[in-house]
Amino acid sequence: MARYNFRETETNWQKRWAEAASFEVDEDPNRPKYYVLEMFPYPSGRIHMGHVRNYALGDLVARFKKAQGFNVLHPMGWDAFGLPAENAAIERGVHPAKWTRENIDAMREQLKRMGLSYDWRRELATCDPDYYRHEQKMFLDFHKHDLAYRRESWVNWDPVENTVLANEQVIDGRGWRSGAPVEKRLLSQWFLKITEYADELLTALDGLERWPDRVRLMQRNWIGKSEGARVFFDINGRDDRLEVFTTRHDTLFGASFCAIAANHPLASEIAAKNPELAEFVAKCNRLSTSEAAIETAEKEGFDTGLTAQHPFIPDLKLPIYVANFVLMEYGTGAIFGCPAHDQRDLDFARKYGLQVLPVVLPSDADAATFEVGNEAYIGDGRIFNSEFLDGMAVDDAKAEMAARLVEGNHGERTTSFRLRDWGVSRQRYWGCPVPFVHCEACGIVPVAEADLPVELPLDVDFDTPGNPLDRHPTWKHTDCPSCGKPARRETDTFDTFFESSWYFARFADAHSEQAFSPEAAKYWMPVDQYIGGIEHAVLHLLYSRFFTRALKKCGYLDVDEPFAGLMTQGMVCHETYRDMDGNWVYPSDLVRGSDGSWTDGKGRPVTTGRIEKMSKSKRNVVDPENIIDNYGADTARLFMLSDSPPERDLEWTEAGVEGAWRYINRLWRMITEPNISLPSELGDRPSSLTPAAETALKAIHKAIFSVTDSIDRFRFNSAVAQIRELTNALGELEGSKSADPGEDSAGDGDGDAWVLRFGFETLVRLIEPMTPHLAEELWHRLGHREMLTEQPWPVADPAMLVDDRVTVAVQVNGKLRGTIDVARDASEDIVRPEALALDTVQKILEGREPRRVIVVPNKIVNVVA
RNA sequence: GCCCCUGUGGCGGAAUUGGUAGACGCGCCAGACUCAAAAUCUGGUUUCUGCAAGGAAGUGUCAGUUCGAGUCUGACCGGGGGCACCA
């Protein structure tokens with residue numbers, strides 16, 4: 001029995017597709033375009049199963065859309081700047097550029113072995129000056145359009161990585177990569193004004209209908225819009241006023257203090273003259289932002305001695321504290337405290353003996369006796385103790401208070417966002433240089449466009465920690481573009497999210513002298529289907545949405561949203577194993593004993609643990625290359641698609657891979673060695689078919705319909721199941737023929753053979769997006785000379801999707817009692833008596849008339865006894 | 001703490017969106033082929049009960065809406081995720 005030789009077949013077709021330039025595309029105004037993009041990888045050196053899943057999903061979509069007649073752009077590139085390259089340089093003495101290039105070469109070869117339908121002409125690497133020169137230009141344009149600016153700011157400093165981290169890169173107060181507790185430092189940093197688009201980025205989420213709700217929700221929370229008011233308090237004995245942001249202006253009459261952040265200008269001013277306060281401020285700055293620290297840190301304050309004048313109660317003067325729980329970065333960096341209705345304020349008030357006056361009365365409480373203990377009341381209710389607000393509901397009181405504040409010039413309605421501007425400066429070497437120069441006379445000066453790119457110097461060393469650019473003997477010395485005098489280059493580089501915020505547009509025109517030609521971008525953008533991990537739900541996707549708008553403002557692009565459709569894939573998981581000493585064991589090291597137990601290869605027992613995301617640290621990884629070597633790319637791809645829906649986690653199992661492998665061989669045998677001889681090509685459909693052939697033909701059309709529908713709805717696992725069902729149906733038809741060859745002489749054999757051939761061709765066409773090499777090979781074995789990748793997607797004949805007779809379920813009181821076989825669309829007059837005539841129904845009715853009979857055509861009859 | 005998602009056989013998961021629950025696969029059991037094994041093929045496989053035909057129960061739990069609920073509503077329990085001193 002000839003086994004399927006995947007090695008030969010896969011390399012052969014990869015070569016043939018490349019020679020035929022099957023997946024190279026150009027703009028074609030006469031065809032609808034479809035842009036499929038998978039999140040490009042960081043070139044770590046080897047692909048892992050997460051990549052395999054991501055690209056198997058993307059390739060399925062790309063090939064499917066191509067077959068449906070779209071002009072499909074499907075590119076691949078490398079997110080090539082970043083810390084691991086520098087770490088490799090430090091640990092192994094390899095230059096980051098060399099390390100990165102070698103990794104890219106290795107990974108490109110691995111990807112090519114997967115048979116993915118990329119237009120490789122468009123490959124790009126973000127560390128290439130030809131790429132990053134354009135983003136330097138973009139940055140200059142952003143600066144011109146007031147979207148990039150520089151300011152002193154408190155930053156998250158990672159003491160291990162020696163760099164600044166974005167807020168998003170701080171997880172539970174620790175660096176996302178190093179895990180070290182993050183410190184606060186004041187540095188001069190470049191920022192992109194993402195907050196200018198906060199509202200638009202929020203409202204536009206509603207229009208992203210082909211994005212998962214989950215991701216939209218996460219972005220919504222991240223942007224964190226809250227409507228409220230700004231209240232102005234006069235500071236007694238001073239000319240200036242204290243501005244406070246609140247969403248609870250309805251509780252203003254319950255205010256008993258004000259508090260400002262340790263970094264608030266007013267705090268700094270007083271601290272300059274007050275060593276005690278200075279000490280308190282320093283203490284606040286030392287406080288780490290880690291979860292543990294926040295949980296345990298007590299609310300603490302320092303009384304400035306100043307008081308704020310309550311806007312509506314002339315003789316109420318609120319003490320102003322500097323408090324450790326007030327953040328400078330949010331709102332105005334100052335609050336008023338209403339202890340009765342805010343837990344933090346209450347904790348603070350109890351500690352410092354401040355008044356707790358309830359002003360919102362729960363509906364079931366009595367105004368005379370209602371008191372707040374150690375739990376603030378944050379629910380709804382009626383306002384009391386509040387003069388002109390008394391008796392109002394919370395929402396009405398907010399509106400009324402806002403109006404009064406405006407009227408008396410005591411405040412204004414305002415909106416606050418949690419989102420902050422994006423700090424893009426990094427004190428690292430392996431990134432895109434920021435194209436600015438520091439001149440003693442002229443200040444911060446942009447590099448002239450003609451002098452771009454500012455290239456990274458390659459002659460650097462990594463022997464000492466910190467930024468090699470800063471230590472380079474000559475690189476940073478240059479002349480001021482403005483006055484010509486000696487000046488110093490900016491030695492910071494961009495956050496690597498910068499590169500990934502526009503690469504999708506570069507793919508439209510990857511070798512352009514411009515960032516991309518406007519025509520090419522206009523044709524290809526936006527990405528129709530973007531596919532990648534949920535871990536990028538906020539950062540990368542939000543930055544890209546902002547970048548696209550910024551690029552539009554600067555005239556590069558004409559779209560608002562970069563990704564019209566988004567699919568977030570689940571993780572690839574695997575069982576974990578440990579030896580007796582608790583060390584993790586690689587699945588590939590396991591040996592199965594005769595009694596079914598596992599050992600680690602040295603005869604020592606191994607225990608099986610939880611199923612977890614594949615990770616190097618737990619060693620529960622399977623190398624895709626081994627799978628491709630042993631089973632072929634098609635098997636790996638098919639398994640990736642068949643077991644779980646894309647958005648859910650997938651458990652990688654050896655048994656599952658075997659199952660996919662078995663199916664591939666079964667399909668191979670079935671089509672290359674059919675039990676009956678097939679017509680050499682598919683002619684016209686024979687006029688008469690045996691009932692079995694007729695049924696099979698219908699099954700083929702139903703499969704076309706349901707597979708297409710499943711793929712359209714991203715139910716790829718269902719699509720695989722439907723393909724397998726069709727395989728089973730065709731196997732039955734084929735089996736019945738070989739078992740009863742006598743029928744052939746009756747003249748029906750031709751019809752059966754025709755249906756079988758039609759079925760095989762359909763099967764091959766349907767499975768091509770999943771197992772392209774196998775499909776292409778079978779297509780040619782069926783006698784075709786043209787490429788399957790150029791064949792159109794099959795279309796089901798609607799007439800073949802319906803049956804003449806249908807099985808209708810018969811229930812009594814909602815419980816299934818039997819089925820009847822009736823003509824499709826048979827009238828109630830026919831169905832009803834047939835249903836009632838069933839023995840099982842009669843037995844329950846015992847001669848009585850049913851109280852009611854519900855007939856749903858072609859579906860069900862429910863007899864109410 | 002707040003917000004969101006989720007719960008179906010031994011396992012991964014289907015279910016035309018309110019109409020025959022368990023498609024398809026994995027695993028397991030039995031059989032065929034084989035000296036034997038592997039591979040392959042055939043059949044079975046929700047649970048309980050029964051020799052059987054059959055009967056009963058069944059989609060986390062409890063209630064509700066409906067002729068009819070895996071699907072809709074409410075409460076509760078379990079699992080997962082996001083945010084978190086955000087005023």
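What you are looking at is a predicted structure, and each value in this text was computed from that prediction instead of being measured. In what follows, chains are A, B, ... by sequence order, proteins preceding strands, each numbered from 1.
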What nucleotide among [options] has an atom nearest to a side-chain atom of [X]?
| X | options | result |
| --- | --- | --- |
| A:K815 | B:rG25, B:rG13, B:rA57 | B:rA57 |
| A:W222 | B:rC83, B:rG55, B:rG82 | B:rC83 |
| A:S226 | B:rG19, B:rC83, B:rA87 | B:rA87 |
| A:E725 | B:rA87, B:rC24, B:rU16 | B:rC24 |
| A:A721 | B:rU20, B:rC85, B:rC24 | B:rC24 |
| A:R214 | B:rC86, B:rC85, B:rG81 | B:rG81 |
| A:A655 | B:rA84, B:rG27, B:rG19 | B:rG27 |
| A:R715 | B:rU17, B:rG19, B:rA84 | B:rU17 |
| A:R852 | B:rG27, B:rC24, B:rC67 | B:rC67 |
| A:L327 | B:rC86, B:rC67, B:rA14 | B:rC86 |

**Message:** Nearest heavy atom decides the nucleotide; on that basis, is A:D649 or A:G659 closer to the 5' end of RNA chain B?
**Reply:**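 The residue closer to the strand's 5' end, by nearest nucleotide, is A:D649.
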
**Request:** Go ahead and name the base partner of B:rG7; Watson-Crick or wobble counts if both distances stay under 3.5 Å, otherwise write none.
**Result:** B:rC77

**Item:** Nucleotide forming a Watson-Crick or wobble pair with B:rG27, both distances under 3.5 Å
**Value:** B:rU45

It should be established whether [X] places a side-chain nitrogen or oxygen under 4.0 Å from OP1 or OP2 of nucleotide [N].
| X | N | result |
| --- | --- | --- |
| A:N717 | B:rA14 | yes |
| A:R817 | B:rU20 | no |
| A:R344 | B:rG1 | no |
| A:R648 | B:rG80 | no |

Rounded to the Å, how far apart are [X] [atom1] and [N] [atom2]?
| X | N | atom1 | atom2 | result |
| --- | --- | --- | --- | --- |
| A:L205 | B:rC3 | CG | P | 20 Å |
| A:D347 | B:rG1 | CG | P | 15 Å |
| A:Q811 | B:rA21 | CD | C1' | 12 Å |
| A:L650 | B:rG12 | CG | C1' | 9 Å |
| A:F245 | B:rA87 | CZ | C1' | 8 Å |
| A:F417 | B:rA84 | CZ | C1' | 19 Å |
| A:R666 | B:rG25 | CZ | P | 7 Å |

**Request:** Report the residue from A:T246, A:T251, A:D250 that forms a side chain to side chain donor-acceptor pair (under 3.5 Å) with A:R248.
**Result:** A:D250

**Asked** Do A:R220 side-chain and B:rC4 base share a donor-acceptor contact under 3.5 Å?
**Response**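 No.
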
**Any N/O donor-acceptor pair, A:N862 side-chain to B:rC67 base, under 3.5 Å** =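 Result: at least one qualifying N/O pair found.
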
Are any of the side-chain nitrogens in [X] or [Y] under 4.0 Å away from the carboxylate oxygens of its partner?
| X | Y | value |
| --- | --- | --- |
| A:D342 | A:R344 | yes |
| A:D206 | A:R220 | yes |
| A:D213 | A:R216 | yes |

**Request:** Tell me whether B:rU17 sits syn or anti, counting syn as a glycosidic angle within 90° of 0.
**Result:**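 This nucleotide is in syn.
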
**Message:** Syn or anti for B:rG60, given that syn means the glycosidic angle lies within 90° of 0?
**Reply:**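 Base orientation: anti.
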
**Request:** Please check if the distance between the ring centroids of A:F6 and A:W668 is under 6.0 Å.
**Result:**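 They do not qualify: ring centres at least 6.0 Å apart.
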
**Message:** Less than 6.0 angstrom separating the ring centers of A:F257 and A:F348, yes or no?
**Reply:**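 Here the rings of A:F348 and A:F257 have centres that are less than 6.0 Å from each other.
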
**Request:** Can you label the angle between the A:F253 ring and the A:H310 ring as parallel, tilted or perpendicular, going by 30° and 60°?
**Result:**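 Because their plane-to-plane angle lies in the 30° to 60° range, the rings of A:F253 and A:H310 count as tilted.
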
